[in-house]
Amino acid sequence: MEIKNKIADAIKKAVQSAIEDKIFDLNGELPVVNLTVPPKKDFGDFATNFAMQTAKIFHTAPKNIAQEIKSRIDAPFIEKIEIAGAGFLNFYLKSDVIYTELKNIYYNLENFGQLANKNNPTIQIEYVSANPTGLLHVGHGRGAAAGSAIVNILRSAGYNVESEYYINDAGNQMENLAKSVNARYLELLGQEVEFPENGYHAVDIIDTAKKIVAEYGDKYLNLPEDERLRILMDLAYADKLAELKKDLADFKVFIDNWFSERTLHNGKIESAIKILQENGTIYSKDGALWLNSTKYGDDKDRVVVRENGVATYLAADIAYHKDKFDRGFGTMINLWGADHHGYISRVKAAMTALGYDADKLKILLLQMVSLYRGGELVKMSKRTGESITLHELIEEVGTDAARYFFLMRSIDSQLDFDLDLAKKQSSENPVYYIQYAHARICSICKQVTNLSDENINFSLMNSNAELDLINKLLEYPQEVEKAALDFAPQRIARYAYDLAAQFHSFYRDCRILGVETELAKARLSLVKITAHTIKHSLGLLGVSAPESM
RNA sequence: GCGGUUGUAGCUCAGUUGGAUAGAGCAACUGCCUCCUAAGCAGUAGGUCGCGCGUUCGAAUCGCGCCAAUCGCACCA
């Protein structure tokens, strides 16, 4: 059991005994004991504001409550307790506590950072889900980095997770893809063609057409238009999807489940609509079918089937989310671009109307990315093809830097991505700073080969530099937990940076080569734990930890 | 007009289930390699936490109202 929980237990018992002895008169519910690492070392190893929080329900001054708890607490691992400020209880642990913890970590190092399985129902997370009609751009990159990092973090925190990509492979955009590739195909074969009005102008469409020409030549040139369009749609779709999967794989993004929208068009959309019609949430007006989403807090009602009988995108999305709910996940997370926020209320409205608990669906919104090069904003546009694609970004700055930069800001902050900085191999670049710490440790390990791994006396490490590093390491499991609860990869990015900083300080003050054997053994074990933790935390972000730089 | 997000040091940003003297990096300035990777370390300086009112023992954090930036408000996806 973690030290923190032990202290919390001791406090609860002390309070309980005071209540039984009628010292405290309980007028309300006891809050949970909240233990934190204090901002200054002078304030002990752990602190709680419990006495201040309970002042009201005990009708007693915080300092008196603190005094009572202090006198009743019974815990062998606590060195001393001090009352400070307005009523903080500061706990000072006996020094052997942290050494025992460190020892446990060291002899079970592979598992450090992997929390116990929570045995919760599976969490599903859907992310990227870009249309298979073009290349992934930088905005998708942020979603890909965030989604995959959240998956890693949740798994590390002991949750069961399944990732999913929703492929919009039905409807207008596929028609446009077919028409666009068709136009390029004919162009390449020397025909005069007018480019379709809503077609995709980006150069990757030409590349796709070129591949088709290279493989099939003019085989489809003389087919009837609609037949050729059908064939080209299939070929282009396969090509686009393959490119998309490759770009994601290069970016260390691996999806468990690829969900095709087409599978919804075999009755699932109709049956979802039918249920909503039967319970009165869908009505007819002006020849179209409308979802009465205002009843559930949406701004206005929404069309689900047009006058011409064709279902809207929303209809497919209702069927899709119904399908997700029917698969029985405990929580479903959608990672959407911030420009889709208006969509939340209508999807949730539909789920509520279908009788599901819409709170199980959590929508995380990713704010926009702006790229800067040479201090200038780089414009992006998928239509004109002047965008920077994810592929180009990886080529330019590398997967490690790109992922770290995407992840170091909270997802609901707009991100200014400085391409020049991401490319710099210097201390200005946080990715290198962290990786360098790892490489330094690996370098030491290579040079120290004659030290035994047994009977390590961890308590020899008692200087500030050593204790600071130890304490930082002990915080790691809790950081993973917090990052998982908040879906906040930037917490891990920050932690990895702080840990690297702690190590670099240690490195200056504490040598391993050339010091007395027992101390060298202890320090070597400490830096091995550090290396593991840096590598593990970077791993959660999908960033590599090189052994030499 | 309505809704989402953001506003913290010169710049880029952490920090929200309310807590102790608000933290990093970069940029500026001063030191440190005969010593395990100087891609590093130590130090100095830098703040009305957008503005105002409120809630309370206590507010960057919660509530209300302003201001500014940004994204969105389709029978498109």
Side-chain angles (χ1 to χ4, degrees), chain A residues 31-32 34 36 38-40 42-43 47-49 52-53 55-56 61-62 84-88 90 129-131 133 168 170-174 176 198 261 286-290 299-300 302-308 310-317 337-345 363 365-368 370 372 408-416 418 421 424-437 439-448 465 485-486 490-491 493-494 497-498 500-501 503-515 520 523-524 527 548-549:
Chain A
V32 290
N34 190 9
T36 56
K40 286 183 71 176
D42 300 349
F43 299 148
T48 183
N49 58 355
M52 285 125 93
Q53 285 187 314
K56 255 186 204 142
F88 285 100
N90 292 338
S129 295
N131 291 343
T133 55
N168 291 124
N172 277 334
Q173 73 278 4
M174 292 304 288
N176 284 334
N198 295 318
E261 183 190 341
D286 305 331
L289 293 182
W290 295 70
D299 293 344
K300 51 179 116 171
R302 311 286 171 176
V303 170
V304 286
V305 179
R306 304 182 186 98
E307 282 177 79
N308 62 11
V310 177
T312 61
Y313 179 80
L314 176 61
D317 229 14
D339 51 342
H340 284 65
H341 92 266
Y343 221 75
I344 297 173
S345 53
I363 315 279
L365 292 179
L366 275 164
Q367 293 296 323
M368 303 287 132
S370 305
Y372 288 86
M408 69 184 182
R409 304 286 174 240
S410 82
I411 60 171
D412 43 28
S413 268
Q414 288 171 38
L415 178 67
D416 289 335
D418 184 339
L421 177 60
K424 264 187 203 160
Q425 306 209 347
S426 77
S427 60
E428 291 168 59
N429 188 338
V431 190
Y432 286 92
Y433 181 84
I434 302 167
Q435 290 179 324
Y436 182 50
R440 267 185 156 176
I441 296 172
C442 292
S443 171
I444 295 170
C445 292
K446 272 176 215 148
Q447 292 170 65
V448 184
L485 281 174
D486 293 349
Q490 83 275 6
R491 293 195 79 110
R494 165 68 48 149
Y497 190 91
D498 289 345
F503 167 74
H504 285 308
S505 290
F506 166 90
Y507 183 88
R508 170 197 162 94
D509 294 343
C510 304
R511 291 187 57 81
I512 292 173
L513 265 67
V515 302
R523 285 179 176 170
L524 185 63
V527 299
S548 66
M549 291 171 73

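Lettering follows sequence order; numbering is per chain, from 1.
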J.: I'd like the C1' distance from B:A68 over to B:U30, given in whole Å.
T.: 39 Å

J.: Is the terminal nitrogen or CZ of A:R440 (NZ for Lys, CZ for Arg) located under 6.0 angstrom from the six-membered ring centre of A:Y507 and within 45° of that ring's axis?
T.: yes

J.: Counting Watson-Crick and G-U wobble pairs only, both distances under 3.5 Å, name the nucleotide matched with B:C53, or none.
T.: B:G63

J.: Provide the distance between the two C1' atoms, one in B:U55 and one in B:C62, to the nearest whole Å.
T.: 8 Å

J.: Rounded to the nearest angstrom, tell me the gap between atom CD1 in A:I344 and atom C1' in B:C71.
T.: 12 Å

J.: On a whole-Å scale, what distance lies between the C1' atoms belonging to B:G63 and B:G18?
T.: 13 Å

J.: Quick one: label A:M408 by what it contacts on the DNA or RNA (base, sugar-phosphate, nothing), any heavy atom closer than 4.0 Å.
T.: nothing

J.: Below 4.0 angstrom from OP1 or OP2 of B:G15, is there any side-chain N or O of A:Q490?
T.: yes

J.: Among B:C73, B:A20, B:A39, find the nucleotide with the atom closest to the side chain of A:K300.
T.: B:C73

J.: For B:A14, does OP1 or OP2 lie under 4.0 Å from any side-chain N or O of A:S413?
T.: yes

J.: Is the aromatic ring of A:F88 within stacking range of B:G19, meaning centres under 5.5 angstrom and planes under 30 degrees?
T.: no

J.: If only side-chain N and O atoms of A:Y507 are considered, is one of them under 4.0 Å from the OP1 or OP2 phosphate oxygen of B:C32?
T.: no

J.: Over how many whole Å does the gap from A:M52 atom CE to B:G58 atom P extend?
T.: 12 Å

J.: Using a 3.5 Å distance criterion without hydrogens, assess whether the side chain of A:Q173 forms a donor-acceptor pair with backbone atoms of A:N131.
T.: no

J.: Counting C-beta onward and ignoring hydrogens, is there a side-chain heavy-atom pair between A:I411 and A:Q490 closer than 4.5 Å?
T.: no

J.: For the side chain of A:N90 and the backbone of A:A47, is there at least one donor-acceptor N/O pair under 3.5 Å apart?
T.: no

J.: Once you apply a heavy-atom cut-off of 4.0 Å, does A:N49 come out as touching a base, just sugar-phosphate, or nothing?
T.: base

J.: Out of B:U12, B:A39, B:A77, which nucleotide sits closest to the side chain of A:D416?
T.: B:U12

J.: Considering every strand and a 4.0 Å limit on heavy-atom distances, what is the contact class for A:N176: base, sugar-phosphate, or nothing?
T.: nothing

J.: Among B:C36, B:U37, B:U6, which is the nearest nucleotide to the side chain of A:D412?
T.: B:U6

J.: Tell me the partner of B:G47, counting only Watson-Crick (N1-N3 plus N6-O4 or O6-N4) or G-U wobble (N1-O2 and O6-N3) with both under 3.5 Å; none if nothing fits.
T.: none

J.: Does a side-chain N or O from A:Q53 land closer than 4.0 Å to OP1 or OP2 of B:G58, or not?
T.: no

J.: Under 4.0 angstrom, heavy atoms only, what part of the nucleic acid is A:N34 near: base, sugar-phosphate, or nothing?
T.: base

J.: With a cut-off of less than 4.0 Å, is there a side-chain N or O of A:R409 near OP1 or OP2 of B:G25?
T.: no

J.: Classify the nucleic acid contact of A:Q173 as base, sugar-phosphate or nothing, counting any heavy atom under 4.0 Å across all strands shown.
T.: sugar-phosphate

J.: Need one value for A:S505: base, sugar-phosphate or nothing, where a base atom within 4.0 Å counts as base even if backbone is also close, heavy atoms only.
T.: sugar-phosphate

J.: Report the distance from atom OH of A:Y372 to atom P of B:U12, rounded to the nearest whole Å.
T.: 9 Å

J.: Using a 4.0 Å heavy-atom cut-off, does A:T36 contact any base of the nucleic acid, only the sugar-phosphate backbone, or nothing at all?
T.: nothing

J.: Report yes if a side-chain nitrogen or oxygen of A:S410 is closer than 4.0 Å to either non-bridging phosphate oxygen (OP1 or OP2) of B:A14; otherwise report no.
T.: yes

J.: Within the side chain of A:R523, is there an N or O that forms a donor-acceptor pair under 3.5 Å with the backbone of A:R511?
T.: yes

J.: Could you please name the option among B:A20, B:G23, B:G72 that lies closest to any side-chain atom of A:R494?
T.: B:G23

J.: B:A74 and B:G3: how far apart are their P atoms, nearest whole angstrom?
T.: 16 Å

J.: What's A:L365 touching, base or sugar-phosphate or nothing? Going by heavy atoms closer than 4.0 Å.
T.: sugar-phosphate

J.: Answer yes or no: does a side-chain N or O of A:R440 lie under 4.0 Å from OP1 or OP2 of B:A38?
T.: yes

J.: With a 4.0 Å cut-off on heavy atoms, is A:C442 in touch with a base, just the backbone sugar-phosphate, or nothing at all?
T.: nothing

J.: P atom, B:A59 versus B:G50: distance in rounded Å?
T.: 15 Å

J.: Nearest-Å distance, NE2 (A:H340) to C1' (B:A77)?
T.: 7 Å

J.: Round to a whole Å and report the spacing from OH of A:Y343 to C1' of B:A77.
T.: 8 Å

J.: With rounding to the closest Å, how many angstrom separate the C1' atoms on B:C11 and B:G19?
T.: 30 Å

J.: For A:D286 and A:A288, indicate whether the former's side chain and the latter's backbone hold a donor-acceptor pair under 3.5 Å.
T.: no

J.: Quantified in whole Å, what is the P atom distance between nucleotide B:U48 and nucleotide B:C41?
T.: 29 Å

J.: NA contact type, A:Q367, heavy-atom cut-off 4.0 Å: base, sugar-phosphate, or nothing?
T.: base

J.: Using a heavy-atom cut-off of under 4.0 Å over every strand shown, decide if A:A61 touches base, sugar-phosphate, or nothing.
T.: nothing

J.: Counting only side-chain heavy atoms from C-beta out, which of B:U5, B:U37, B:C75 sits nearest to A:S548?
T.: B:U37

J.: Between A:Y497 (OH) and B:G15 (C1'), how many Å, whole number?
T.: 16 Å

J.: If the test is ring pair (Phe, Tyr, Trp, His ring centres under 6.0 Å), which one of A:F503, A:Y433, A:Y436 qualifies with A:Y497?
T.: A:Y433

J.: Atom CG of A:D486 to atom C1' of B:A14: distance rounded to whole Å?
T.: 13 Å

J.: If we take the C1' atom in both B:C67 and B:A27, what is their distance in whole Å?
T.: 30 Å

J.: Using heavy-atom distances to pick each residue's nearest nucleotide on RNA chain B, tell me which of A:V32 and A:A338 is more 5'.
T.: A:V32

J.: Once you apply the 3.5 Å cut-off to both distances, tell me the Watson-Crick or G-U wobble partner of B:U12, or none.
T.: B:A24

J.: Between the main-chain N or O of A:N34 and the side-chain N or O of A:T48, is there a donor-acceptor pair closer than 3.5 Å?
T.: yes

J.: From B:U37, B:A20, B:A77, pick the nucleotide closest to the side chain of A:S443?
T.: B:U37

J.: Tell me which nucleotide, if any, is Watson-Crick or G-U wobble paired with B:C41 when both distances must be under 3.5 Å.
T.: B:G31

